[in-house]
There are 2 protein chains.
Amino acid sequence: MRDRPDLAAMTETLSRALVEAERPVLAEHGLTMWAYVVLLALGDRPLRTQAALAESIGADKTRIIAVLDGLQGRGLIDRVPDPGDRRARLLSLTPEGRRVRDAARRGIRAMEERVLARLAEEDREPFLRALRTLSALAPGFP
Amino acid sequence: MRDRPDLAAMTETLSRALVEAERPVLAEHGLTMWAYVVLLALGDRPLRTQAALAESIGADKTRIIAVLDGLQGRGLIDRVPDPGDRRARLLSLTPEGRRVRDAARRGIRAMEERVLARLAEEDREPFLRALRTLSALAPGFP
DNA sequence: TATTGTTATACTCTATAACTATA
DNA sequence: TATAGTTATAGAGTATAACAATA
């Protein structure tokens, strides 16, 4: 294996650039990064508590409150007390929330395709496969 | 291309895990992440000003001062006023600084090998090549 | 006056602690 | 008493502004 920068140095540089490239795409849909992450998480399956949502996206429960306020104010999510336990808030996407999420995701995928186009064609699949593998293992390295 | 998480989501997860995995390795050598980055940058070539160093590692010039204080205090770097322009500080690694840098880098490489071992053998080279390519392009993504 | 390095200050992000309401 | 959500507070990390030394 020939000389190269440290892995973390390369992934940090790449990651910051990708996040920066996502920002204007998300802004077209009025979304911040956290708002987008919340829409993605709720899209998979509605959740019964905000704490569960925070947990699932690796955020503190206090950090997503303003995000939920914004999304609810725009009508992108529903957030209603659980009739069975009125301490909890049932969270789910509205149809409009689903539409915005899908549009934002399409925009991001288009940006990503332009990035991946810079790779040699034969490296793309292995790169994505390896990235998937390592990011899935990531919480518990080595 | 089949469904997958967003690129940025995967690189962020991976990057944080790698940085976290580096931390204890660097700590064995008494280094923080920034101190290690400074040692690497100075190892390539001595620099004439702290501003140039900060620029080269993408940090604010005010942020590296405490780092340089620490490295100088441990005798890992030399930091002397330029006789030709005493406003500037000539920065370079001491032999001990070079030794610590090399030892830390070896430790990090060993950790990275354990991480890369989780990949299919045939994906490793393409992954590293793609990561190099994209991180080199990163500052100016489309 | 302009530049290098430094210190002081402010801002952003995040986490912790304290509070309200339900149970 | 315990839990979900919220608000208030405090702590990192970082950037900006002000300052001292040198040119």
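Here is the naming used below: chain letters follow the sequence lines, and residue numbers restart at 1 for every chain.
Five base pairs at each end of the helix from dT1(C)-dA23(D) to dA23(C)-dT1(D) define two local axes, and these are offset by 30° (rounded to 10°).
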Mind running salt bridge (Lys or Arg N to Asp or Glu O under 4.0 Å) on Arg16(A) and Glu12(A) for me, showing each step along the way? CA-CA 6 Å; Arg16(A) 287 183 192 188; Glu12(A) 275 287 298; 3.1 Å; yes
Residues Asp78(A), Thr94(A); criterion side chain to side chain contact (heavy atoms under 4.5 Å, CB included); working and verdict: CA-CA 6 Å; Asp78(A) 280 325; Thr94(A) 63; 3.8 Å; yes
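Val37(A) places none of its side-chain heavy atoms less than 4.5 Å from the side chain of Ile64(A). Between Arg79(B) and Gln50(B), some side-chain heavy-atom pair lies under the 4.5 Å cut-off. You'll find the side chain of Leu7(A) reaches within 4.5 Å of the side chain of Leu131(B), heavy atoms only. Within the 4.5 Å cutoff, the side chain of Leu116(A) has heavy atoms near those of the Leu128(A) side chain.
Atom C1' of nucleotide dC19(C) and atom CZ of Arg87(A) are separated by 16 Å, given to the nearest angstrom. Between the CD1 atom of Ile57(A) and the P atom of dA15(C) there is a distance of 11 Å, given to the nearest Å.
Chain A approaches DNA chain D over the interval dA2(D) to dT7(D), counting the first and last nucleotide 5' to 3' with an atom under 4.0 Å from its heavy atoms.
In the displayed structure, Arg63(A) atom CZ is contacted under 6.0 Å by more than 12 heavy atoms of other residues, nucleotides or ligands.
Among the heavy atoms of the strands lying under 4.0 Å from Asp85(A) are primed sugar atoms or P, OP1, OP2 only; no base atom is included.
Shown here for Gly43(A) and Arg98(A), the closest heavy-atom pair between the two residues is O-NH1, 4.0 Å. When every heavy atom of Pro5(B) is checked against every heavy atom of Met10(B), the shortest pair comes out as O-CE, 3.6 Å. Residues Pro46(A) and Ser92(A) share a closest heavy-atom pair of CB-CB, 3.9 Å.
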Quick one: which protein N/O atoms are closer than 3.5 Å to N/O atoms of nucleotides 6-10 of chain C? Pair and distance per line, please.
unit_1: dT6(C); atom_1: OP1; unit_2: Arg79(B); atom_2: NH2; d: 3.3
unit_1: dT6(C); atom_1: OP2; unit_2: Gln50(B); atom_2: OE1; d: 3.1
unit_1: dT6(C); atom_1: OP2; unit_2: Gln50(B); atom_2: NE2; d: 2.5
unit_1: dT6(C); atom_1: OP2; unit_2: Arg79(B); atom_2: NH2; d: 3.1

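In terms of the ring-ring contact (aromatic ring centres under 6.0 Å, His included) criterion, Tyr36(A) has no residue partners (sequence neighbours excluded). Taking the salt bridge (charged side-chain N to carboxylate O under 4.0 Å, His left out) definition, one finds that Arg87(B) meets it with Asp85(B), sequence neighbours left out.
For the segment residues 9-41 of chain B, no residue has any heavy atom less than 4.0 angstrom from an atom of DNA chain C.
Nearest-nucleotide positions on DNA chain C for Ala59(A) and Pro83(A) put Ala59(A) closer to the 5' end.
Partner of Asp6(A) under the salt bridge (charged side-chain N to carboxylate O under 4.0 Å, His left out) criterion, chosen from Arg105(B), Arg109(B), Arg106(B), Arg101(B): Arg109(B).
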